[in-house]
Amino acid sequence: MFTLTERLTITAAGLETFATIDLGSYVDVGDRQALQIHSVDFIFQGTTGSTAITAAMGSAGVVRVQLTDLNRSGLVFADDRALVASGDLTYDPTGFLSMASDLYPDNFGKGSDDGRYVVNDQLYITGRTSVLASGEQANITVRVNASIVSLSAKDFMAIAIQSTAADN
């Protein structure tokens, strides 16, 4: 297993912000290689690595992040087959901070082992915050624990077709 890491920086409240993780070096169609995602972690920080997210938010609000294997150009519902993982960080008016990550990566029937198989060449990160203090940024680091697997021709094609069908 290895870890892929990407940071998403949100600079404005109420707008969706995007980043990608390039998988071109890991997925090989000719050799039927896929990326198997075992777990996804979201780390929420403020403007700098030592700034708490609460300082960046300034007041009560929610920071939401999603990881998908197709470009949806925005946040999606949990039943979207492209959704790999998602998480929320809530800062309530009493100062209570809570974080919830979905129980993903859900394999949606794509793999019998632990994890989600991805055959696309990118993963897409979408984030949004409802509040952001003036001059501050919300940074979300996405850590994807994965491995490279070789699939049978039948399994590779099934995942590729299912992924393409999810795009419609």
Side-chain angles (χ1 to χ4, degrees), residues 1-11 15-46 49 53 56 62-90 97-129 137-168:
M1 268 204 322
F2 55 91
T3 302
L4 301 171
T5 304
E6 184 65 37
R7 183 175 52 165
L8 176 72
T9 300
I10 301 173
T11 58
L15 298 175
E16 291 174 348
T17 304
F18 307 96
T20 59
I21 299 174
D22 184 12
L23 302 179
S25 298
Y26 309 105
V27 175
D28 186 338
V29 175
D31 289 335
R32 298 182 316 274
Q33 287 181 335
L35 188 76
Q36 184 177 13
I37 299 174
H38 300 281
S39 65
V40 178
D41 297 312
F42 301 108
I43 302 165
F44 297 88
Q45 294 175 294
I53 189 69
V62 176
V63 181
R64 178 162 288 137
V65 62
Q66 292 181 337
L67 181 70
T68 59
D69 64 0
L70 294 172
N71 186 1
R72 295 296 199 215
S73 300
L75 295 169
V76 299
F77 286 105
D79 67 343
D80 191 311
R81 295 180 80 68
L83 184 63
V84 175
S86 64
D88 289 341
L89 182 83
T90 303
L97 190 63
S98 66
M99 185 177 118
S101 290
D102 293 331
L103 298 176
Y104 287 104
D106 185 344
N107 60 26
F108 282 110
K110 292 185 180 182
S112 60
D113 294 331
D114 169 40
R116 163 81 177 257
Y117 295 144
V118 175
V119 296
N120 298 344
D121 59 354
Q122 290 197 42
L123 290 172
Y124 300 89
I125 306 164
T126 304
R128 181 184 183 128
T129 182
Q137 298 174 342
N139 285 284
I140 306 164
T141 300
V142 180
R143 295 176 51 93
V144 178
N145 295 312
S147 58
I148 299 171
V149 294
S150 293
L151 302 172
S152 69
K154 177 182 166 185
D155 287 343
F156 189 90
M157 286 306 295
I159 292 169
I161 290 168
Q162 193 169 14
S163 179
T164 303
D167 198 19
N168 297 323

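Every heavy atom of this structure was used, including side-chain atoms; hydrogens, water molecules and symmetry mates were not.
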### Message
If we check side chain to side chain contact (heavy atoms under 4.5 Å, CB included) with Leu83, which of these qualifies: Leu67, Val76, Leu75?
### Response
Val76
Which atom pairs, one a donor and one an acceptor, fall under 3.5 Å between side chains of residues 148-161 and the rest of the protein, sequence neighbours left out?
residue, atom, partner, partner atom, Å
Ser152, OG, Asp155, N, 3.1
Ser152, OG, Asp155, OD2, 3.3

### Task
Kindly indicate, with the supporting measurements, whether the criterion side chain to side chain contact (heavy atoms under 4.5 Å, CB included) is fulfilled by Asn120 and Val27.
CA-CA 7 Å; Asn120 298 344; Val27 175; over 6 Å; no
### Task
Flag the pair Leu97 / Thr90 as yes when at least one side-chain heavy-atom distance between them is below 4.5 Å, and no otherwise.
no
### Message
Are Val62 and Thr129 packed together at the side-chain level, in the sense that at least one heavy-atom pair is separated by less than 4.5 angstrom?
### Response
no
### Message
Show, in sequence, the C-alpha distance, side-chain angles and deciding distance for Thr3 and Arg143, and conclude whether the side chain to side chain contact (heavy atoms under 4.5 Å, CB included) test is met.
### Response
CA-CA 6 Å; Thr3 302; Arg143 295 176 51 93; 3.9 Å; yes
### Side-chain heavy atoms of Leu70 within contact of Arg72, under 4.5 Å
yes
### Message
Working note: Asp41 + Asn145, criterion side chain to side chain contact (heavy atoms under 4.5 Å, CB included); need CA distance, chi angles, decisive distance, verdict.
### Response
CA-CA 8 Å; Asp41 297 312; Asn145 295 312; 3.9 Å; yes
### Query
Who are the side-chain hydrogen bond (donor to acceptor under 3.5 Å, both in side chains) partners of Glu6, not counting sequence neighbours?
none
### Query
What closest approach, in Å, do Ala56 and Gly46 show between heavy atoms, and which atom pair accounts for it?
CB-CA, 3.8 Å
### Task
State, without any angle test, whether Thr20 and Gln122 hold a side-chain donor-acceptor pair at a distance under 3.5 Å.
yes
### Summary
ring-ring contact (aromatic ring centres under 6.0 Å, His included) filter on Phe2, not counting sequence neighbours, yields Tyr26
### Summary
To the nearest 0.5 Å, atom OH of Tyr124 lies from atom CG of Leu8 at 15.0 Å
### Task
Using a 4.5 Å cut-off on heavy atoms from C-beta on, say whether the side chain of Asp80 contacts that of Thr68.
no
### Task
Find the distance between CZ (Arg116) and CG (Leu123) and round it off to the nearest 0.5 Å.
9.0 Å
### Query
Met1 versus His38: any side-chain heavy-atom pair under 4.5 Å?
yes
### Query
Is it true that Arg81 and Asp69 make a salt bridge, defined as a side-chain N closer than 4.0 Å to a carboxylate O?
no
### Message
For the CG atom of Asp22 and the CG atom of Leu4, what is their distance to the nearest 0.5 Å?
### Response
9.5 Å
#### Entry: CZ on Phe44 to CG on Asn139, rounded to 0.5 Å
11.5 Å
### Query
Can Thr126 and Val65 be said to form a side chain to side chain contact (heavy atoms under 4.5 Å, CB included), step by step?
CA-CA 6 Å; Thr126 304; Val65 62; over 6 Å; no
### Query
Hey, does Asp88 have a side-chain heavy atom less than 4.5 Å from the side chain of Arg64?
yes
### Query
Do Val142 and Val144 have side chains that get closer than 4.5 Å, going by heavy atoms?
yes
### Task
Measure the spacing between CD1 of Ile10 and CZ of Arg128 and express it to the nearest 0.5 Å.
9.5 Å
### Query
Do Ile140 and Val63 touch side chain to side chain, with heavy atoms closer than 4.5 Å?
yes
### Query
How many angstroms lie between atom CG of Leu35 and atom OG of Ser25, to the nearest 0.5 angstrom?
11.0 Å
